[in-house]
Asker: 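Input: one structure, supplied below.
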Amino acid sequence: MIEFNKTPYTGNEEQYVLEAMKNGRLSGDSQFTKLCHKWFNDQLGCQKALLTPSCTHALEMAAILIDTKPGDEIIMPSYTFVSTANAFLLRGAKIVFVDIRPDTMNIDESLIEAAITDQTKAIVPVHYAGVACEMDEILSIAKKYNLYVIEDAAQGVNSSYKGKALGTIGDIGAFSFHDTKNYTSGGEGGLLIVNNLEFSERAEIIREKGTNRSNFMRGVVDKYTWVDIGSSFLPSDLQAAYLWGQLEKFDDINADRLNTWNTYFESFAALQESGKLELPKIPKGCDHNAHMFYVKLVDEATRAKFIDHLKLSDVSAVFHYVPLHSSPNGIQASYFHGEDKYTTQESGRLVRLPIYFGMSEQEQNKVIRAVLEFFV
Ligand SMILES: *Cc1c(COP(=O)(O)O)cnc(C)c1O
């Protein structure tokens with residue numbers, strides 16, 4: 001069976017995890033966390049990069065940082081993971097969905113402005129499959145209406161938009177290091193990226209249960225005390241140690257995935273030309289990280305047959321994201337602005353093929369053969 005995903009492992013993670021154990025300090029912000037923070041700060045050139053237990057937690061921190069309150073409206077696509085919406089729902093906000101673009105499955109930037117009201121507080125673009133949203137347009141709308149931009153870059157680690165790393169373009173960005181993403185911190189993990197100086201100090205406080213412990217540790221204040229709301233948004237140093245092994249191979253992992261992605265793309269180009277399926281589109285100016293390889297079948301019924309066929313060929317392929325506005329909790333807790341022209345239709349015909357770091361040529365060929373056979 002060709003698995004849909006395999007946990008990325010490059011070789012040194014084991015040694016670093018053991019080293020963290022031998023250090024005798026496994027709590028948050030110990031040696032490996034510090035290494036990772038410095039690495040991301042240098043790599044991203046952001047105000048502050050803070051490891052979190054998950055991207056979900058980073059998004060929750062973002063919702064707290066922008067002071068999300070009951071009545072606030074947050075604009076995002078419905079075609080996303082639940083955490084994008086939950087983070088703001090937890091603070092009492094109203095979630096306002098707008099439709100996606102069929103080419104990238106990202107929020108349609110041209111529909112955002114019409115969804116803005118006096119209550120709107122933020123726009124949350126989700127960089128689906130590690131392919132950037134149209135950030136210039138989104139930033140200019142945000143500027144015009146004085147809104148925050150929070151990038152859900154869970155899938156966008158090592159992708160860029162016009163040369164800028166995803167996650168560093170909005171006021172705040174969030175990465176995921178979950179097992180299923182390109183880089184992992186041992187199963188679960190995330191990163192909060194602060195780009196707006198306004199949030200720099202408060203981010204540390206919220207992450208440290210609402211205390212000024214970070215400033216105390218640096219000797220900036222002489223008392224360690226409760227100064228704000230917060231929670232425990234620090235991962236264990238074991239997670240950072242695993243991640244450190246992955247950061248050492250940051251570009252190798254990307255190149256390996258892109259190689260598989262490009263092989264798939266070339267192998268299926270003829271199927272696209274003959275109208276049998278559609279392949280992902282990468283707009284100009286977007287460098288992507290091969291987080292995902294999806295194809296779109298002509299309709300949902302064909303997708304079901306396609307998945308069954310792949311299964312019989314020992315290839316696991318999956319689809320995801322029942323659009324949030326049609327999920328049980330979304331029906332009551334959210335609002336779709338405008339017409340759902342593409343969200344439901346396009347998500348119903350999309351299927352993801354196996355792609356992971358270290359996928360062998362033989363494994364790739366097995367997937368390719370199975371896909372081609374379906375259309376014979
Ligand atoms: C994976 C993912 C998340 C959640 O990441 P976790 O690290 O598992 O919390 C959020 N948003 C999107 C778009 C994702 O793909």
Side-chain angles (χ1 to χ4, degrees), residues 4-5 7-8 36 40 49-64 74-90 95 97-98 100-101 104-107 122-133 135 138 149-159 161 166-167 169-170 172-193 207 231-236 239-240 242-243 246 257 280 288-294 318-325 327 329-330 334 343 346-347 350 352 355-356:
F4 169 69
N5 175 62
T7 305
C36 291
F40 277 112
L50 297 168
L51 289 185
T52 55
S54 65
C55 179
T56 300
H57 283 93
L59 291 165
E60 287 174 20
M61 286 182 72
I64 296 172
I74 312 290
I75 297 175
M76 64 181 67
S78 170
Y79 187 65
T80 182
F81 188 59
V82 296
S83 297
T84 322
N86 270 335
F88 300 92
L89 263 185
L90 279 166
I95 307 301
F97 296 122
V98 301
I100 53 168
R101 298 162 39 144
T104 56
M105 305 297 284
N106 282 335
I107 190 167
I123 306 168
V124 187
V126 179
H127 304 297
Y128 184 70
V131 178
C133 297
M135 294 308 290
I138 291 170
V149 174
I150 299 178
E151 296 176 74
D152 182 340
Q155 303 177 11
V157 186
N158 210 351
S159 285
Y161 172 78
L166 300 192
I169 304 166
I172 298 173
F175 282 172
S176 173
F177 303 125
H178 186 263
D179 218 25
T180 52
K181 302 301 202 290
N182 290 24
Y183 306 91
T184 185
S185 46
E188 304 281 348
L191 187 78
L192 178 85
I193 303 155
R207 183 165 167 274
S231 189
S232 184
F233 289 120
L234 293 80
S236 149
Q239 286 165 281
Y242 193 100
L243 182 63
Q246 307 252 299
R257 295 186 74 106
H288 75 106
N289 59 0
H291 171 61
M292 195 188 295
F293 194 95
Y294 65 78
V318 301
F319 62 85
H320 64 167
Y321 301 159
V322 171
L324 296 183
H325 73 284
S327 311
N329 197 54
S334 65
T343 300
E346 297 300 298
S347 63
L350 179 147
R352 307 167 62 184
I355 188 164
Y356 44 83

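Since the structure is predicted, the reported quantities are computational estimates derived from the model, not experimental observations. Heavy-atom basis, side chains included; hydrogens, waters and symmetry copies ignored. Both ligands and their constituent atoms are indexed starting at 1 by order of listing.
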Asker: Is the shortest distance from a heavy atom of H127 to ligand 1 less than 4.0 Å?
Answerer: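 No, H127 has no heavy atom closer than 4.0 Å to ligand 1.
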Asker: With distance as the sole test, does Q239 use its side chain to make a donor-acceptor pair with the main-chain N or O of S236 at under 3.5 Å?
Answerer: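 Answer holds: yes.
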Asker: What is the distance from atom CG of L59 to atom CD of E151, rounded to the nearest 0.5 Å?
Answerer: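 Those atoms lie 11.0 Å apart.
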Asker: Once you round to the nearest 0.5 Å, how far does OH of Y242 lie from OG1 of T7?
Answerer: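 The OH atom of Y242 sits 6.0 Å away from the OG1 atom of T7.
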Asker: With distance as the sole test, does N106 use its side chain to make a donor-acceptor pair with the main-chain N or O of V131 at under 3.5 Å?
Answerer: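 Flag set: sc N106 to bb V131 pair under 3.5 Å.
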Asker: Any heavy atom of F175 closer to ligand 1 than 4.0 angstrom?
Answerer: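 F175: no contact with ligand 1 (<4.0 Å).
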Asker: Provide, to 0.1 Å, the distance between atom 13 (C) of ligand 1 and the closest protein heavy atom, together with that atom's residue and name.
Answerer: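 Here the closest protein heavy atom is D152 OD2, 3.4 Å.
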Asker: Under a 4.0 Å heavy-atom limit, does V126 contact ligand 1 with its side chain, its backbone, both, or neither?
Answerer: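 Only the side chain of V126 comes within reach of ligand 1.
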Asker: Is it true that the side chains of T180 and N5 contain a donor and an acceptor less than 3.5 Å apart?
Answerer: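 No, no side-chain donor-acceptor pair sits under 3.5 Å.
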Asker: Just to be sure I read this right, does ligand 1 sit under 4.0 Å from the backbone of K181, its side chain, both, or neither, counting only heavy atoms?
Answerer: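 Within the 4.0 Å criterion, K181 contacts ligand 1 through side-chain atoms alone.
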Asker: Say whether Y183 and N158, considering side chains only, have a donor N or O and an acceptor N or O under 3.5 Å apart.
Answerer: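 Yes, N158 and Y183 have a side-chain donor paired with an acceptor closer than 3.5 Å.
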Asker: Which of the numbered atoms in ligand 1 are under 4.0 angstrom from any heavy atom belonging to S54?
Answerer: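 Once the distances to S54 are compared, the set is 7 (O), 9 (O).
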Asker: What is the closest protein heavy atom to atom 15 (O) of ligand 1, and at what distance does it sit?
Answerer: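 Looking only at protein heavy atoms, the one closest to atom 15 (O) of ligand 1 is Q155 NE2, 2.8 Å.
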Asker: As an exercise, identify every atom of ligand 1 less than 4.0 angstrom from a heavy atom of G189.
Answerer: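 So the answer, numbered in order with elements, is 7 (O).
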Asker: Measure the spacing between CG of L234 and OG1 of T52 and express it to the nearest 0.5 Å.
Answerer: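 Reported to 0.5 Å precision, the distance equals 9.5 Å.
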Asker: Y321 heavy atoms, cut-off 4.0 Å: which ligand 1 atoms fall inside?
Answerer: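 In order of numbering, the contacting atoms are 13 (C), 14 (C), 15 (O).
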Asker: So if I count the atoms of ligand 1 from 1 in the order they appear, which ones are less than 4.0 Å from some heavy atom of T56?
Answerer: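 Near T56, meaning under 4.0 Å from one of its heavy atoms, ligand 1 has 4 (C), 6 (P), 9 (O).
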Asker: Looking at P77, is its backbone amide N or carbonyl O close enough to the side chain of T80 to form a donor-acceptor pair, meaning the two atoms are under 3.5 Å apart?
Answerer: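 Side chain of T80 to backbone of P77: no pair is present.
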Asker: Can you tell me which residue and heavy atom of the protein come closest to atom 7 (O) of ligand 1, and the distance to 0.1 Å?
Answerer: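 Here the nearest protein heavy atom works out to S176 OG, 2.7 Å.
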Asker: Indicate, with yes or no, if the rings of F177 and F40 have centres closer together than 6.0 Å.
Answerer: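 Distance test on ring centres: under 6.0 Å, yes.
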Asker: Tell me the protein heavy atom at minimum distance from atom 3 (C) of ligand 1, and give that distance in Å.
Answerer: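 Minimum-distance protein heavy atom for atom 3 (C) of ligand 1 reads F81 CD2, 3.5 Å.
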Asker: What part of A154, side chain from CB on, backbone N/CA/C/O, both or neither, has a heavy atom under 4.0 Å from ligand 1?
Answerer: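 It is the side chain that touches ligand 1; the backbone stays farther off.
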